[in-house]
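Read the structure below first, then the notes.
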Amino acid sequence: MMSLLLLLTYLTLVSCSSRSSWCETGCDCRGELRFSICSRAGFTQLPERIPSITELLDLSDNNLTFILPQSFSNNRKLRVLLLQNNNISVVHDGAFSYMEFLQKLDLSWNSISVLTEGFTVGLSLLRELQLAHNQLLILDRRCFLHLDALQRLNLSANSIRSVQVRSFASMSSLRQLHLQDNQLTALHSGIFSMLRSLEVLDLAGNHISQTETGVFKPLTSMTLLNLAGNQLSRIDFKSFLSIHTYSTHILLEGNPWHCDCDLQRVFRKLRSIHRLFLDDYHNLSCRTPPVLRHYRLMDVDAELCVAETVTVLIITITVLITVLAAMVMGERKRKKKKKGLHWTKMFILKCIIMH
Ligand SMILES: *[C@@H]1O[C@H](CO)[C@@H](O)[C@H](O)[C@H]1NC(C)=O
Ligand SMILES: *[C@@H]1O[C@H](CO)[C@@H](O)[C@H](O)[C@H]1NC(C)=O
Ligand SMILES: *[C@@H]1O[C@H](CO)[C@@H](O)[C@H](O)[C@H]1NC(C)=O
Ligand SMILES: *[C@@H]1O[C@H](CO)[C@@H](O)[C@H](O)[C@H]1NC(C)=O
């Protein structure tokens, strides 16, 4: 991308922006027509006269509302397509078919709420897909079917509340998955299956309170797991233990931790695993119990299990006393019963003799 921008600047300087009559009004076609800049041109529909040799088409900040099938069939050389900041709510099946050279597609800041199965048809070389700030609610296995080469997927700031099993299964090249600022509440086992190249998994700013054991297991290349700003109050040790990577940094700040001996123990165990780095451990703070609210976990962790030990001691003593008391009572009763039996026997004997 960097090199592309440099190229753009270079070519702009060299060929001095050839505003061509071949170019749509409102667009600025440069670099011998290889760059069509149509940003902020007030388009409500896709312009029709984009030169077919265009490699970069910038349609950001317009008023497009939908993308019809095969909209870019005359622009098969496109490598970068920028559609951010429009008002696109519908992307029809096959909208991007025949774009076999496209490497970057930016659809962020639009109003897309559904991705259909045909959305990714023809995008088999796409490396970067930007979909942040849309209105996506649910991801399933049909959303990203044909993105075999994708390396970066940005889904931040949508309203995603559910990710179904194998939603990202076609993307074995994916390196970065940005899901921050969505509405996820739980991470179910299987939703990240097949993401064996994934290095960055950003889940910050969701409402995640549970992580199912094994959910991170397929992520064998993960170097950064960001879970900051979620609703975790406890931690499922096994789901973190199953991270089998060379080294992974984990961020957990901004969660409502329930600071008790259990939590302290789990964190102690996690911190002793050499491949895991809890970078912001020193910044974790307690939400509950109320007496510990706002305390940093680090400052109270030495006492959490002391209190627990005292409690255990008190309970043990109480139980012991109860048991002892019960035994004493039992013994007394037994003695009484024996006495009672003795009298009964005497009575019966007396009766027999009297007869
Ligand atoms: C898009 O349309 C809205 C009203 O429909 C208008 O206020 C806005 O200026 C338009 N934006 C652009 C970039 O043309
Ligand atoms: C976006 O599109 C919807 C209809 O799809 C329209 O009601 C709304 O005014 C548009 N917004 C802007 C800013 O153009
Ligand atoms: C994701 O999208 C947001 C909003 O457009 C942007 O600010 C952020 O830089 C993007 N992140 C990545 C890694 O592309
Ligand atoms: C901890 O919090 C402080 C203040 O908010 C911040 O400056 C620092 O970067 C945080 N440390 C880590 C490791 O996140």
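Order of listing sets the numbers, starting from 1, for every ligand and every atom in it.
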Considering only heavy atoms, which of Asn85, Leu131, Leu129, Asn154 lies nearest to atom 2 (O) of ligand 3?
-> Asn154
Under 6.0 Å between ring centres, would you say that holds for Phe72 and Tyr98?
-> no
Please check if a non-hydrogen protein atom sits closer than 4.0 Å to atom 5 (O) of ligand 3.
-> yes
Would you verify that at least one protein heavy atom lies under 4.0 Å from atom 14 (O) of ligand 3, or report that none does?
-> yes
Fit a plane to each ring of Phe144 and Phe168, take the angle between them on a 0 to 90° scale, and name the class: parallel (under 30°), tilted (30 to 60°) or perpendicular (over 60°).
-> parallel
Quickly, which of Arg161, Gln231, Gln183 forms a side chain to side chain donor-acceptor pair (under 3.5 Å) with His207? Name it, please.
-> Gln183
Measuring from the heavy atoms of Gln84, does anything fall under 4.0 Å of ligand 3?
-> no
Counting heavy atoms not belonging to Trp257, are there more than 12 under 6.0 Å from its CH2?
-> yes
Shared hydrophobic cluster for Val291 and Leu263 (ILVMFWY, side-chain gaps under 4.5 Å) | yes
Is Phe101 reachable from Leu82 through a run of hydrophobic residues whose side-chain heavy atoms are each under 4.5 Å from the next?
-> no
Could you say whether the N/O atoms of Gln130 and ligand 3 ever approach to under 3.5 Å?
-> yes
State the atoms of ligand 3, each with its element, that fall below the 4.0 Å cut-off from a heavy-atom position in [X].
X: His133; value: 4 (C)
X: Arg152; value: 13 (C), 14 (O)
X: His178; value: 13 (C)
X: Trp109; value: 5 (O)

Step by step, would you call Asn87 with Ser111 a side chain to side chain donor-acceptor pair (under 3.5 Å)?
-> CA-CA 6 Å; Asn87 193 9; Ser111 317; 3.2 Å; yes
